[in-house]
Protein chains: 2
Amino acid sequence: MSLDRRSGCPINLSLEVFGDRWSLIILRDMIFGGRRHFRELLNGSIEGIASNILADRLKRLMELGMLTKADDPSHKQKAIYSLTEMAITLVPILAHLGAWGRVWLPTSEELSIRAELLEKGGPPLWEKFMDELRHEHLGMPLDTASGPSVRATLQAAYQAVVARKALGASPAA
Amino acid sequence: MSLDRRSGCPINLSLEVFGDRWSLIILRDMIFGGRRHFRELLNGSIEGIASNILADRLKRLMELGMLTKADDPSHKQKAIYSLTEMAITLVPILAHLGAWGRVWLPTSEELSIRAELLEKGGPPLWEKFMDELRHEHLGMPLDTASGPSVRATLQAAYQAVVARKALGASPAA
DNA sequence: TGCAACCGATTGCAAAATGCAATCGGATCA
DNA sequence: TGATCCGATTGCATTTTGCAATCGGTTGCA
């Protein structure tokens, strides 16, 4: 919250941007979950952020240039949040972070399948995903004719794991 | 500090490890600064961590399996902290983070030169650096006959920038 | 031998951040 | 018209942080 004890070190400055418990969670939900509205972020994330913290972090991320806010034309009260290029370029970092967490931390299978696919896809997949995000959030044209979106692919893999687990421990046996 | 509101998501779990203001700063100083002792970490880092916070984070990072502590044979009171493999594999993440910060945040020239070199070196340089860290911290043999250490190279570049700036604005004009 | 400096922490206390539940005024929907 | 949803905001208890002083012990030096 401070922004003052800064030291010009890239890592330190990066930590001042998302070195807290929630900022990167919000960005994760926007990037991978496709969430754009306050309520979606409030109720959608598994971790359960409080509304005042969410409001504060959205404001802070806007001030830092990671997000922009606009009126949702379909609903006079709805605000729609968009990622900036600055936030979209976090995708490789999030991919690395997910890969590291998958190796070293007790991740759950259904929630780490996306990290696994993202890791396996490597930089080309990240680039495709970033292009899709630029399209969604910045209105850029989609130059690569593409097939299913990366997010849809990740989501489908997640659903497949959830469905398999719901059928019981030994589904195809 | 919680470790409870966990959600199995790799990114969330990663944030529970170093999603705070100081943990990653400490690891940065150990990795890039070569610091191994409490006092070095306390007085060495530009950002000025408090001693109680440092003690708490070192303990926490040990509990998480990122660090180990041992007696320094040269001094009965000195403790020497070592990185584990889990911490050493953060090097690519730190490299990416530094690269991102260098692009998007107001980094200082002398403190970002290391991030720049690390970025330009790419994965091969990171691997060499990680091997050196494994040698220093885990006692592994150095298989690649190597030339100057990565840390020394980064440090020399930093010193060169500092020296150039100390000579005044237009040194070679 | 004495004494200052240094070792890794720990303590007490003030300030700030966070978590939580209730609530706001307005817009939308039935 | 009334229930529901919208993005927040408020008040308050709890937790975390920052800061300075200090701890008991070790070391280096005169």
Side-chain angles (χ1 to χ4, degrees), chain A residues 1-7 12 15-26 29-30 33 35-64 67-82, chain B residues 1-7 12 15-26 29-30 33 35-64 66-83:
Chain A
M1 225 42 186
S2 46
L3 248 300
D4 31 6
R5 193 188 24 255
R6 57 174 48 177
S7 82
N12 176 57
L15 280 176
E16 287 184 353
V17 173
F18 39 69
D20 74 278
R21 191 71 189 66
W22 291 112
S23 298
L24 209 57
I25 294 284
I26 294 169
D29 287 344
M30 291 187 68
R35 310 191 201 284
R36 310 287 298 264
H37 300 290
F38 190 93
R39 293 278 161 169
E40 288 177 325
L41 290 163
L42 188 62
N43 304 321
S45 96
I46 320 173
E47 290 87 5
I49 188 171
S51 65
N52 53 347
I53 306 289
L54 175 58
D56 179 84
R57 292 304 185 281
L58 288 172
K59 182 177 154 215
R60 185 175 145 80
L61 288 170
M62 291 192 328
E63 289 166 356
L64 289 166
L67 300 179
T68 58
K69 178 164 110 173
D71 291 339
D72 185 329
S74 78
H75 190 300
K76 285 190 181 173
Q77 251 178 330
K78 274 189 181 171
I80 189 162
Y81 291 91
S82 298
Chain B
M1 224 45 181
S2 45
L3 246 299
D4 33 5
R5 194 187 23 253
R6 56 173 50 175
S7 84
N12 176 57
L15 281 177
E16 287 183 353
V17 174
F18 39 69
D20 76 278
R21 194 67 189 69
W22 291 111
S23 298
L24 211 55
I25 294 284
I26 293 168
D29 285 345
M30 290 188 69
R35 310 190 201 282
R36 309 286 300 262
H37 299 111
F38 191 93
R39 292 279 162 168
E40 288 177 325
L41 290 162
L42 186 63
N43 303 321
S45 96
I46 321 173
E47 290 86 6
I49 189 171
S51 65
N52 53 347
I53 308 287
L54 175 59
D56 180 84
R57 292 304 185 280
L58 288 173
K59 181 177 155 215
R60 186 175 146 79
L61 288 170
M62 290 191 336
E63 289 166 357
L64 289 167
M66 306 273 289
L67 300 180
T68 58
K69 177 164 111 173
D71 292 339
D72 186 329
S74 78
H75 189 301
K76 282 190 182 172
Q77 251 179 331
K78 274 189 181 172
I80 190 162
Y81 291 91
S82 298
L83 301 167

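Here is how names work: the chains are called A, B, and so on, in the same order as the sequence lines, proteins then strands, and each is numbered from 1.
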Undergrad: Please report, rounded to the nearest Å, how far the C1' atom of C:dA27 is from the CG atom of A:Asp71.
TA: 13 Å
Undergrad: If the cut-off is 4.0 Å, is A:Trp22 near the phosphate of C:dG19, judged by side-chain N/O to OP1 or OP2?
TA: yes
Undergrad: Calculate the interatomic distance between A:Arg36 atom CZ and D:dC6 atom C1'; express it in whole Å.
TA: 17 Å
Undergrad: Applying side chain to side chain contact (heavy atoms under 4.5 Å, CB included), name anything that partners A:Ala79, two or more places apart in sequence or on another chain.
TA: A:Lys69, A:Tyr81
Undergrad: Can you name the residues that form a side chain to side chain contact (heavy atoms under 4.5 Å, CB included) with A:Glu40, not counting sequence neighbours?
TA: A:Arg35, A:Arg36, A:His37
Undergrad: Can you measure B:Asp56 atom CG to D:dG18 atom P for me and round it to whole angstrom units?
TA: 11 Å
Undergrad: Considering heavy-atom distances to DNA chain D, does B:Arg39 or B:Ile49 have its closest nucleotide positioned more toward the 5' end?
TA: B:Ile49
Undergrad: Rounded to the Å, how far apart are A:Ile26 CD1 and D:dA8 C1'?
TA: 14 Å
Undergrad: Applying side chain to side chain contact (heavy atoms under 4.5 Å, CB included), name anything that partners A:Ala55, two or more places apart in sequence or on another chain.
TA: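 Checked A:Ala55 against side chain to side chain contact (heavy atoms under 4.5 Å, CB included); matches are A:Phe38.
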Undergrad: Can you confirm whether A:Ile26 sits close enough to A:Leu41 that some side-chain heavy atom of one is under 4.5 Å from a side-chain heavy atom of the other?
TA: yes
Undergrad: Residues in side-chain hydrogen bond (donor to acceptor under 3.5 Å, both in side chains) with B:Ser23, at least two apart?
TA: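 Checked B:Ser23 against side-chain hydrogen bond (donor to acceptor under 3.5 Å, both in side chains); matches are B:Asp20.
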Undergrad: To the nearest Å, give me how far apart CG (B:Leu58) and P (C:dC7) are.
TA: 15 Å
Undergrad: What is the distance, to the nearest angstrom, from the CD1 atom on B:Ile25 to the P atom on D:dG18?
TA: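 Result: 11 Å.
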Undergrad: Which whole-number value in Å describes the distance from A:Leu54 CG to D:dA8 P?
TA: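 After rounding, the gap between these two atoms is 8 Å.
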Undergrad: Might you list the N or O atoms of the protein lying below 3.5 Å from N or O atoms in nucleotides 10-15 of chain C, with each pair's distance?
TA:
unit_1, atom_1, unit_2, atom_2, d
C:dT10, O4, B:Ser51, OG, 2.6

Undergrad: Nucleotides 24-27 of chain D: which of its N/O atoms have a protein N/O under 3.5 Å away?
TA:
unit_1, atom_1, unit_2, atom_2, d
D:dG24, N2, B:Gln77, NE2, 2.9
D:dG25, N2, B:Gln77, OE1, 2.7
D:dG25, N2, B:Gln77, NE2, 3.2
D:dG25, N3, B:Gln77, NE2, 2.8
D:dT26, O4', B:Gln77, OE1, 2.9
D:dT27, OP1, B:Lys76, N, 2.8

Undergrad: C:dA17 C1' sits how many Å from A:Arg21 CZ, rounded?
TA: 14 Å
Undergrad: Hey, are the side chains of A:Ile25 and B:Leu15 touching, using non-hydrogen atoms and a 4.5 Å cut-off?
TA: yes
Undergrad: Where is the tightest heavy-atom contact between B:Glu47 and A:Ser7, given as atom of each residue plus distance?
TA: OE2-OG, 2.6 Å
Undergrad: Checking side chain to side chain contact (heavy atoms under 4.5 Å, CB included) for the pair B:Leu83/B:Leu67: CA distance, chi angles, key distance, verdict?
TA: CA-CA 5 Å; B:Leu83 301 167; B:Leu67 300 180; 3.8 Å; yes
Undergrad: Salt bridge (charged side-chain N to carboxylate O under 4.0 Å, His left out) with B:Asp29: which residues, sequence neighbours excluded?
TA: none
Undergrad: Would you say A:Arg57 reaches C:dT18's phosphate, i.e. side-chain N/O to OP1/OP2 under 4.0 Å?
TA: yes
